[in-house]
Amino acid sequence: MRYLIQASLSRLRPARNAAILSLVLLAPAGLAATPVTNVLPDAELRGTATFRFLGLPIYDAQLFTKGGGPLSWSQDFGLKLTYRKSLKQKTLIESTLDEMARQGNSAPIEAQLKTCYQAVGGGDSYLAVTKGPDAIEFWRNGRKTCTLSYPGIKRSFMSIFLGNNTRSAAFTRQLRGQ
């Protein structure tokens, strides 16, 4: 395949050759639209923020809402976290359950979260897309891992990042695009 690409590019100008070849060779196989556009029609980026713990960046977050409008708990939306450091599955699960409890929200059982969460490394991403008030689909690096169904899970889970009592009000305001 590389030979065919190089042969096809040989007719183009040298500077364009290098740029196009680099894009082709560096792009992941099967590169397609992000899952958020596949599972959440009309979704557009609303806001971005970086979550830090003791000054160290842990993950970058992006909020996708219908048409990029303000967050509405009555509409479905997507939240993408791209991790800057490695975290174990156990850490992800425990921190999720701890934050939900801290905010006084009901939480799914740990076994349910184990089906959704896997350990992450720098550059890995999770996308959570709400499906009504009682379901969230999780995508890890573009592949669906699970659908978490639980009464009120949308508000309970997403409040960790977007609620009124988050660990960082500045992070939440940025993420909400305010």
Connected via hydrophobic side-chain network under 4.5 Å: [X] and [Y]:
X    : Y    : result
F157 : F64  : no
L162 : Y59  : yes
L71  : V129 : no
V39  : F77  : no
W139 : L63  : no

Calculate, to the nearest 0.5 Å, the distance between atoms [atom1] and [atom2] belonging to [X] and [Y] respectively.
X    : Y    : atom1 : atom2 : result
D42  : D76  : CG    : CG    : 12.0 Å
Q62  : L79  : CD    : CG    : 9.0 Å
L127 : I136 : CG    : CD1   : 11.0 Å
K80  : L45  : NZ    : CG    : 10.0 Å
I93  : L87  : CD1   : CG    : 12.0 Å
L97  : R102 : CG    : CZ    : 14.0 Å

Is a side-chain N or O of [X] found less than 3.5 angstrom from the main chain of [Y], in a donor-acceptor match?
X    : Y    : answer
T172 : F161 : yes
N141 : S125 : yes
K154 : W73  : yes
E94  : T91  : no
Q89  : K114 : yes
Y126 : Q118 : yes

Working note: R155 + N105, criterion side chain to side chain contact (heavy atoms under 4.5 Å, CB included); need CA distance, chi angles, decisive distance, verdict.
CA-CA 8 Å; R155 180 79 74 157; N105 295 326; 5.7 Å; no
Given T96 and L113, is the side chain to side chain contact (heavy atoms under 4.5 Å, CB included) satisfied, shown in steps?
CA-CA 9 Å; T96 297; L113 288 176; 4.1 Å; yes
Minimum heavy-atom separation for [X] and [Y], please, with both atom names.
X    : Y    : value
L40  : G78  : CD2-N, 3.5 Å
A43  : V36  : CB-CG2, 4.2 Å
S106 : P151 : OG-O, 4.0 Å

Is there a donor-acceptor contact under 3.5 Å linking the side chains of [X] and [Y]?
X    : Y    : result
Y150 : S156 : no
T82  : D60  : no
T166 : S168 : no

Evaluate the side chain to side chain contact (heavy atoms under 4.5 Å, CB included) criterion for residues R176 and R46: first the C-alpha distance (whole Å), next the side-chain angles of each, then the deciding distance (0.1 Å), finally the verdict.
CA-CA 7 Å; R176 288 178 135 201; R46 169 66 186 181; 5.7 Å; no
With sequence neighbours left out, which residue pairs that include part of residues 117-137 fulfil the salt bridge (charged side-chain N to carboxylate O under 4.0 Å, His left out) condition?
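Residue pairs with at least one partner in residues 117-137: D124-R140, E137-K144.
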What salt bridge (charged side-chain N to carboxylate O under 4.0 Å, His left out) pairs are there with at least one residue in residues 158-174, not counting sequence neighbours?
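Qualifying pairs, neighbours excluded: E99-R167.
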Any side-chain heavy-atom pair of [X] and [Y] under 4.5 Å:
X   : Y    : answer
I58 : R52  : no
T65 : Q75  : no
T48 : Q174 : no

Determine the interplanar angle of the F171 and F51 rings, folded into 0 to 90°, and report it as parallel if under 30°, tilted if 30 to 60°, perpendicular if over 60°.
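Geometry flag for F51 against F171: perpendicular rings.
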Does anything in residues 138-178 pair up under disulfide bond (SG atoms under 2.5 Å apart), and if so which pairs, sequence neighbours excluded?
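Found C116-C146.
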